[in-house]
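All values below were derived from every heavy atom in this structure, side-chain atoms included, with hydrogens, water molecules and symmetry-related copies excluded. In the text below, chain A, chain B and the rest are named by the order of the sequence lines, each starting its count at 1.
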2 protein chains.
Amino acid sequence: MARKTGSHSEITGPRIRAAALTLFARNGFAAVSMRQIAAEVGVQAGALYLYTPDKETLLFDLLKSHMDELIATWDALPPAATPPARLEAFVRFHIGFNLDRADAVFLSYMELRNLGPANFATIEALRRDYENRLGAILHDGQAAGDFTAPDAKLATLAIIAMLTGVTTWYREGGRLSRDRVGDIYWDMVRKSVAA
Amino acid sequence: MARKTGSHSEITGPRIRAAALTLFARNGFAAVSMRQIAAEVGVQAGALYLYTPDKETLLFDLLKSHMDELIATWDALPPAATPPARLEAFVRFHIGFNLDRADAVFLSYMELRNLGPANFATIEALRRDYENRLGAILHDGQAAGDFTAPDAKLATLAIIAMLTGVTTWYREGGRLSRDRVGDIYWDMVRKSVAA
DNA sequence: GTCTATAGAAAGATAGAC
DNA sequence: GTCTATCTTTCTATAGAC
C-alpha cells in the first residue's frame with residue numbers, strides 16, 4: 001500500500017505506549033506530562049492525541065494489555081500433570097513473566113487509582129481471574145492431599161504477593177540468576193503449603 | 001503560656017499531616033494538590049507553608065515518622081527466647097502494625113520516587129534497617145538448626161513482601177479476624193523456612 | 001500524521017493585610 | 001496563624017496550518 005509522506009502511525013503508536021510505560025512506572029502517572037511522553041518519542045504533545053483519546057485511556061490500555069497477555073501466556077502453557085507440578089510451573093512462570101515486565105507490574109499495582117470506576121473494575125476483574133488460576137491449583141492440591149493450607153484464598157494472596165515482590169529488588173546481572181531465584185522461591189512456596 | 005488569638009498550631013500541624021497521609025495514599029502524591037489538603041483541614045493553601053517548607057518535605061516527614069515508629073515499636077518489644085518464637089513475634093507484629101497504618105505502608109512503598117536523592121536514601125536506609133531485624137532472626141535460626149532457608153536475604157524479602165501484602169486486601173469486619181490472619185500467615189511462614 | 005499555537009484550568013509557592 | 005490575592009509555571013486538550 002502507498003506510504004504517505006510523514007506517516008508513521010505503525011511505529012509511533014507502539015513507541016508512545018513504550019515511552020508512557022517507562023515514564024509512568026518511573027515517575028508515577030500523575031507526575032508525567034503528555035509533553036514528557038511526546039518528547040521521549042520525538043513528537044509534539046498534540047500528536048499523542050491521534051493515538052489516545054486522553055491520558056487515562058493511555059494508562060488503561062497499558063494495564064489491560066499487560067493483564068491480557070499475562071493470562072493468555074499462562075493459559076497457553078501445557079498444564080502439568082499434578083497439582084504440585086502445576087504449582088511449581090506457576091511459581092516459575094509468575095516470576096519470569098513479571099521480571100520481563102517489571103514496569104507494567106509496578107503500574108498495575110500502583111496506578112489503578114488513577115482509573116475511572118469502569119476501567120478500574122475491568123482491570124480488577126482480570127487480576128482476580130489470574131489469581132483464581134493459582135487458587136484452583138491450591139484447591140485441587142488440597143483435595144488430592146498434596147497441600148495443607150488453612151485458607152486457600154489467603155494462601156493465594158500470600159503467594160502472589162511474595163512472588164510479585166521479586167520485581168521490586170531483582171536486578172539483571174546481580175548476585176542471583178533468574179533460575180536460582182525461581183529455585184529458592186519454589187522451595188519456600190512448596191514448603192509453605194506442604195501437607 | 002499565653003494563647004494568641006487565632007493560633008492553632010498545636011492542632012493544625014497534625015491535622016495537615018493526617019489529611020496529607022490519607023489523600024496521598026488514596027490519590028497519589030502527585031495527584032493531590034496543596035489546595036486539596038488545605039480544604040480537608042479547613043484552612044487556605046498558603047497556611048500550609050507555615051508547617052512545611054514544600055510539598056515534598058511534607059511527604060518525607062510522613063514516611064520518616066512511619067519508619068521511625070515502625071522500628072522503635074519493634075525494638076521496644078521484649079525479645080522472645082528462641083529464633084522460632086522471635087519469627088512468630090515478627091510475623092504477628094508486622095501484620096498488626098501495618099494493618100493499623102495501611103495508608104503509610106502504601107505510601108512508603110509507592111511514593112518513594114517522589115523524593116529527592118537525599119530523602120530517598122534516608123527512607124531506604126531505614127527500610128533496610130528494619131528488614132535486617134528479620135534477617136538476623138533467620139540467620140540465628142539457621143545457625144541453631146531451627147530453619148533451613150537456601151538464601152537468608154531472599155527469604156527476608158520474600159517474607160516481608162508476603163506479610164506486607166495483607167494491607168492490600170484486609171478489610172476490618174471482613175471474613176477473618178486479625179488474629180486469624182496472623183495465625184494463617186504464621187503457619188505459612190513457619191513452614192516456608194522449616195528445616 | 002505531525003506541527004505550531006493556544007485556550008482554559010490548575011498547580012506550587014509567596015507577599016502583605018489583619 | 002491565617003487569609004486573600006496573585007505571580008509564574010505547567011498542565012490537558014483542541015484548532016487549524018501544512
Q) Expressed in angstrom and rounded to an integer, what is the separation of A:Asp54 atom CG from D:dC11 atom C1'? A) 14 Å
Q: Establish, yes or no, whether a centroid distance under 6.0 Å links the rings of A:Phe90 and A:Trp74.
A: yes
Q. Nearest-Å distance, CE (B:Met34) to C1' (C:dT14)?
A. 12 Å
Q.
Distance check needed: D:dT14 C1' versus A:Leu48 CG, whole Å only.
A. 13 Å
Q. Do NZ/NE/NH1/NH2 and the carboxylate oxygens of A:Glu111 and B:Arg113 come within less than 4.0 Å?
A. yes
Q | Those residues that, when tested against B:Glu131, pass side chain to side chain donor-acceptor pair (under 3.5 Å) (two or more places apart) | A | none
Q.
Under 4.0 Å, counting only non-hydrogen atoms across every strand here, what does B:Val41 touch: a base, just sugar-phosphate, or nothing?
A. nothing
Q.
Quick check against the 3.5 Å criterion: does A:Tyr185 have a side-chain atom that pairs as donor or acceptor with the backbone of A:Arg92?
A. no
Q: Kindly state whether the ring of A:His94 and the ring of A:Tyr130 have centres lying under 6.0 angstrom apart.
A: yes
Q) How many Å lie between NZ on B:Lys55 and C1' on D:dT10, as a whole number? A) 13 Å
Q: Choose from C:dT2, D:dG1, D:dA13 the nucleotide whose nearest atom is closest to any side-chain atom of A:Tyr51.
A: C:dT2
Q | Integer-rounded Å distance: D:dT9 P and B:Arg35 CZ | A | 16 Å
Q) To the nearest Å, how far apart are A:Asn27 CG and D:dC11 C1'? A) 16 Å
Q: Could you state the atom-to-atom distance from OH of B:Tyr49 to P of C:dG16 in whole Å?
A: 18 Å
Q: Report the nucleotide, chosen from D:dA13, C:dG1, D:dT2, that has the shortest atom-to-atom distance to any side-chain atom of B:Leu50.
A: D:dT2
Q.
Ignoring hydrogens, what is the shortest heavy-atom contact between A:Lys191 and B:Ala194? Give both atom names and the distance.
A. NZ-O, 2.9 Å
Q) Starting at CZ of B:Phe29 and ending at P of C:dA11, how long is that distance when rounded to a whole Å? A) 13 Å
Q: Considering just the side-chain nitrogens and oxygens of A:Ser33, establish if one lies under 4.0 Å of OP1 or OP2 belonging to D:dT10.
A: no
Nucleotides 3-5 of chain D: which of its N/O atoms have a protein N/O under 3.5 Å away?
{"residue": "D:dC3", "atom": "OP2", "partner": "B:Gln44", "partner atom": "N", "Å": "2.5"}

Q | Aromatic B:Tyr109 / basic B:Arg127 pairing, under 6.0 angstrom, 45° off normal | A | yes
Q) Is the phosphate of D:dG1, meaning OP1 or OP2, less than 4.0 Å from a side-chain N or O of B:Thr12? A) no
